[in-house]
Amino acid sequence: MNCKKIRKYLPLYIGADLSSKKKEAVRVHLGSCGECQKEYEAYARSIKTAKEWLSENTVTWGEGGWRRTVQNARAEKAKSSSGFAPWPFKKGWAFAVMGAVMVVAVFFITRPLFLGVEDFPGQTILSQRHPQHETRALSKSPQDVVSMTIVSKDTGLKVVWILNKNFNLEENE
Amino acid sequence: MKNEEELIEAVLQGDEDAFELLLYPYRNNMLNLSYRMVGNLEDAKEVCQEAILKIFKYMSGYKKGKSFKNWMYKIVVNASNDFLRKKRRHEDIFMMKKVMADNLSTSPETQFLNKEVREKIADCLEDLSPKERAVFLLRDGEGLSVKEASEVLSASSMSIRTHLSRARQKLRGRLEKIFPDGPLENDL
Ligand SMILES: [Zn+2]
């Protein structure tokens, strides 16, 4: 490894936060490179200072202050849970209700498409314009089997879709 | 006297007094972490109250067998970040230096560094982004491993290493700017 790469690893090396393979590579390099060794020492010094600062500059709760803080939090909690449910459940319900509203809305918006032609005049115009799309019922009752024939205007290719409600893979006749 | 596991169980059963006992041993860890995150003791106490409330509310989300202390750290860091975000919207913050000079309770037997050095190091934390600060405080301050820090901060180990590396680089740069002739050695 070159010096540039070693320098990149130094901040982690000083805290023993490198993988063992990289750690070993840095250790070997430091043994033979005075410049990087100097860099390492400078890092080690400043981080040692910072760590020492952290360990000696601590703040502590007074008993009264701590007690008050916990009590305030308890009171807060009592207030917030006096509703019908705690927050995560409320949120869950909100999503469920929103989802249901959306499903209903989508149903109403697209409803004309599922209704008969007479309910929605636009549908008639649509099917007149595309006479090659033809839907007709086959042998059984119309609710069970629906066939759809699509004919391409350009190539004359015919595709027949048969949707059978009673279709069964095992007993296919 | 119940142990931590029993206390957690009791809290989950709805025993509110057990909650206080559960948090008590960690109260100063909480305060120190939030204090260094937000840089002001009054704000830190506010953050702690918010964190306690969250721990209380979401206790059911704590996974048994995992470190409760680290779970608590996670909530404290998140509460601190929320606080910083909110506060940044209103004014600029960070009076760490002033605060450190104002109201520090340091025990005399551990005062290795002189006051000037202490204030200047407090200054350095300002330079770190909240994420870098959190990683540095958890790893170098609280002694968590990179893996533990990654769990606390919900980040990959790689991201933790990147932020840790950057934090240490920035701190070193700042410290050397403050002491260009290298008097750091004399203070240690
Ligand atoms: Zn080198």
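In what follows, chains carry the letters A, B, and so on, assigned in the order in which the sequence lines appear, proteins first and then strands, with residues in each chain numbered from 1.
Identified by a heavy-atom distance below 4.5 Å to chain B, the contributing residues of residues 8-16 of chain A are A:K8, A:P11, A:L12, A:I14, A:G15, in residue-number order.
One finds the CG atom of A:L18 at 7.0 Å from the CZ atom of B:R161 (value rounded to the nearest 0.5 Å). The distance from atom CG of B:L31 to atom OG1 of A:T58, rounded to the nearest 0.5 Å, is 9.5 Å. Rounded to the nearest 0.5 angstrom, B:L125 CG and A:W53 CH2 are separated by 4.0 Å. The structure places OG1 of A:T60 at 11.0 Å from OH of B:Y35, a figure rounded to the nearest 0.5 Å. The structure places OG1 of A:T69 at 11.5 Å from CZ of B:R27, a figure rounded to the nearest 0.5 Å. B:R174 contributes atom CZ, which lies 13.0 Å from atom OG of A:S46 (distance to the nearest 0.5 angstrom).
In the hydrophobic clustering of ILVMFWY residues, with side-chain heavy atoms under 4.5 Å counting as a link, B:L53 and B:Y24 come out apart. Tracing side-chain contacts under 4.5 Å through hydrophobic residues (I, L, V, M, F, W, Y), one never reaches A:V106 starting from A:I109; they form parts of separate clusters.
Of the residues considered (B:K54, B:R166, B:E20), B:E20 shows the highest number of contacts with chain A, using heavy-atom pairs under 4.5 Å.
The minimum heavy-atom distance between A:Y43 and B:R168, with the atom names listed, is CE2-O, 3.9 Å. Minimum interatomic distance between A:V59 and B:N32 (heavy atoms only, all atoms of both residues): N-OD1, 2.8 Å. Of all heavy-atom pairs spanning A:A73 and B:I52, the tightest one is CB-CG2, 3.5 Å. Nearest heavy atom pair, residue A:W61 against residue B:N28, reads N-OD1, 2.9 Å. Contact detail for B:G141 and A:L54: the closest heavy-atom pair is CA-CD1, 3.5 Å.
Interface residue B:L23: backbone and side-chain heavy atoms are both found under 4.5 Å from chain A. Proximity to chain B (any heavy atom under 4.5 Å) is shown, for A:E41, by neither the backbone nor the side chain.
No side-chain heavy atom of A:N72 sits under 4.5 Å from any side-chain heavy atom of B:E50. Between B:R172 and A:E39 there is a side-chain heavy-atom pair separated by less than 4.5 Å.
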Result block: side-chain N/O donor-acceptor pairs under 3.5 angstrom for residues 26-33 of chain A, not counting sequence neighbours:
| residue | atom | partner | partner atom | Å |
| --- | --- | --- | --- | --- |
| A:R27 | NE | A:E24 | OE1 | 3.2 |
| A:R27 | NH2 | A:E24 | OE2 | 2.9 |
| A:S32 | OG | A:H29 | O | 3.2 |

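Enclosure of atom CD in B:E6 by more than 12 non-hydrogen atoms of other residues, nucleotides or ligands within 6.0 angstrom is indicated.
Between the side chain of A:R74 and the backbone N or O of B:F19, no donor-acceptor pair lies under 3.5 Å.
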